[in-house]
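Report on the following structure.
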Amino acid sequence: MSDHDKKFFDTFMLVIGGMVFVTLILFFLARSMSGDTQEQWTKEDPAYKAATEARLKPAGYVVKTGDAEPVAAAVAAVDVEQAPRTGAEVFNEACAACHVAGVAGAPRLGDVAAWNDRVAQGMDTLVEHAIKGFAGSAGYMPAKGGRADLSDAETAAAVEYMVEKSK
Ligand code: HEC
């Protein structure tokens, strides 16, 4: 390398270094400025505050006996127990999927021949099979039609409805 080249190279590196230095200064200056200005605004933004509050809010709270109002509110918030559904309602919700078209060997609603022998077992047996599930020669009847949320009484009402409609 000639002397001339070396000098050029040194100056060049010096200029590049200076520019990098200025860039860094600008970078940190901008950061500290935004920390004092924009960041403050962001943190005071109601939407941001609401989101933070929602993230930090407790999952539940203890109601002390004696605090009448929160107790009443908490009780009101709990889902009111549903009135028992009628046999027809339960059938349409939980049983119709199989027992209307005869899916997987299910005896169809209104199919007198298919129900005669079953009814001959007696209502108690039919209800028990509906509640506990039943694997017969025709197929598999899941307990409560796969609807564990049904009460025994609701299931029994649905069986009664099916038998009544299949005589
Ligand atoms: C996933 C399909 C399916 C659903 C849903 C279903 N069943 Fe069944 N059910 C069957 C099948 C299949 C049979 C026939 C089983 C056999 O005899 O092999 C059957 C049979 C029965 C029987 C006759 C049992 C016996 O002893 O002969 C009753 C009663 C019955 N179901 C009631 C219900 C009620 C009530 C519901 C709704 C709560 C319901 N099923 C929902 C498939 C279903």
Side-chain angles (χ1 to χ4, degrees), residues 27-28 30-167:
F27 176 74
F28 286 109
R31 266 183 70 102
S32 82
M33 268 168 71
S34 76
D36 290 342
T37 53
Q38 189 196 349
E39 210 172 297
Q40 302 291 329
W41 289 108
T42 310
K43 284 186 177 157
E44 271 160 31
D45 178 20
Y48 180 86
K49 275 187 165 175
T52 310
E53 226 142 81
R55 264 198 320 274
L56 298 181
K57 101 175 173 281
Y61 62 92
V62 176
V63 179
K64 284 176 284 171
T65 47
D67 299 355
E69 259 173 50
V71 171
V75 169
V78 172
D79 268 11
V80 183
E81 186 69 30
Q82 261 194 335
R85 284 156 284 203
T86 66
E89 281 168 355
V90 175
F91 176 81
N92 287 327
E93 263 183 49
C95 322
C98 295
H99 283 277
V100 166
V103 173
R108 297 195 357 238
L109 185 78
D111 184 344
V112 179
W115 278 99
N116 263 342
D117 289 351
R118 298 182 187 273
V119 174
Q121 303 175 93
M123 270 315 270
D124 289 350
T125 309
L126 287 183
V127 169
E128 195 190 315
H129 285 170
I131 291 172
K132 295 191 176 155
F134 172 65
S137 53
Y140 173 67
M141 159 72 204
K144 294 183 178 177
R147 283 280 303 270
D149 61 305
L150 293 177
S151 69
D152 288 1
E154 284 172 327
T155 312
V159 175
E160 259 156 49
Y161 171 81
M162 286 163 80
V163 169
E164 199 52 47
K165 290 269 173 188
S166 311
K167 277 184 179 166

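Counting convention: from 1, in listed order, for ligands and their atoms alike. The residues of the chain are indexed from 1 along the displayed sequence.
- Across the listed options Phe134, Tyr140, Trp115, Phe134 owns the non-hydrogen atom lying nearest to atom 24 (C) of ligand 1.
- Nearest-heavy-atom check against atom 5 (C) of ligand 1 across Ala157, Ala97, Ala94 picks out Ala94.
- Within the 4.0 Å heavy-atom shell around ligand 1 one finds Lys144.
- The atoms of ligand 1 that sit less than 4.0 Å from any heavy atom of Ala158 are 35 (C).
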* To do: Determine, stepwise, if the pair Lys57 / Glu53 fulfils salt bridge (charged side-chain N to carboxylate O under 4.0 Å, His left out).
  => CA-CA 6 Å; Lys57 101 175 173 281; Glu53 226 142 81; over 6 Å; no
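- The protein atom (non-hydrogen) at minimum distance from atom 2 (C) of ligand 1 is Cys98 SG, 1.9 Å.
- Considering both main-chain and side-chain atoms, Pro142 never comes within under 3.5 Å of ligand 1 through any nitrogen or oxygen pair.
- Nearest protein neighbour of atom 18 (O) of ligand 1, counting heavy atoms only, is Gly139 N, 2.6 Å.
- Counting only heavy atoms of the protein, atom 34 (C) of ligand 1 lies nearest to Cys95 SG, 3.3 Å.
- For Glu164, the CD atom counts as loosely surrounded, since its 6.0 Å shell holds 12 or fewer non-hydrogen atoms of other residues, nucleotides or ligands.
- Considering every non-hydrogen atom in both Ala94 and Arg147, the closest pair reads CB-CG, 3.7 Å.
- Ligand 1 lies nowhere less than 4.0 angstrom from a heavy atom belonging to Gly146.
- Counting heavy atoms of neighbouring residues, nucleotides and ligands inside a 6.0 Å radius, atom CE of Met123 exceeds 12 of them.
- Using the six-membered ring where Trp is involved, His129 and Phe134 have ring planes that are parallel, under 30° apart on the 30 and 60° scheme.
- Ligand-side atoms of ligand 1 in range of Gln121: 25 (C), 26 (O), 27 (O), range being under 4.0 angstrom from any heavy atom.
- Nearest to atom 14 (C) of ligand 1 among the protein's heavy atoms is Pro107 CD, 3.6 Å.
- Using a 4.0 Å cut-off to heavy atoms of Gly145, the atoms of ligand 1 that qualify are 5 (C), 6 (C), 41 (C).
- Counting the atoms of ligand 1 from 1 in the order shown, those under 4.0 Å from a heavy atom of Ala130 are 32 (C).
- For the pair Tyr161 and ligand 1, no heavy-atom separation below 4.0 Å is found.
- Nearest heavy atoms, Ala130 versus Thr155: CB-CG2, 3.8 Å.
- Judged by the shortest distance from any of its heavy atoms, Thr125 lies outside the 4.0 Å radius around the atoms of ligand 1.
- Taking only non-hydrogen atoms, the option from Arg118, His99, Met141 nearest to atom 17 (O) of ligand 1 is Arg118.
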* **side chain to side chain contact (heavy atoms under 4.5 Å, CB included) evaluation trace for Lys167 with Val112** => CA-CA 5 Å; Lys167 277 184 179 166; Val112 179; 5.8 Å; no
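- With a 4.5 Å cut-off on side-chain heavy atoms, Arg85 and Leu150 count as touching.
- Glu93 contributes no side-chain N or O that, together with a main-chain N or O of Val90, makes up a donor-acceptor pair within less than 3.5 Å.
- The nearest pair of heavy atoms linking Asp149 to Glu154 is O-OE1, 4.3 Å.
- Of all the atoms in ligand 1, the ones that sit under 4.0 Å from a non-hydrogen atom of Ser137 are 18 (O).
- Shortest contact from atom 26 (O) of ligand 1 to any protein heavy atom: His129 ND1, 2.4 Å.
- Counting non-hydrogen atoms of other residues, nucleotides and ligands closer than 6.0 Å to CG of Asp36 gives a total above 12.
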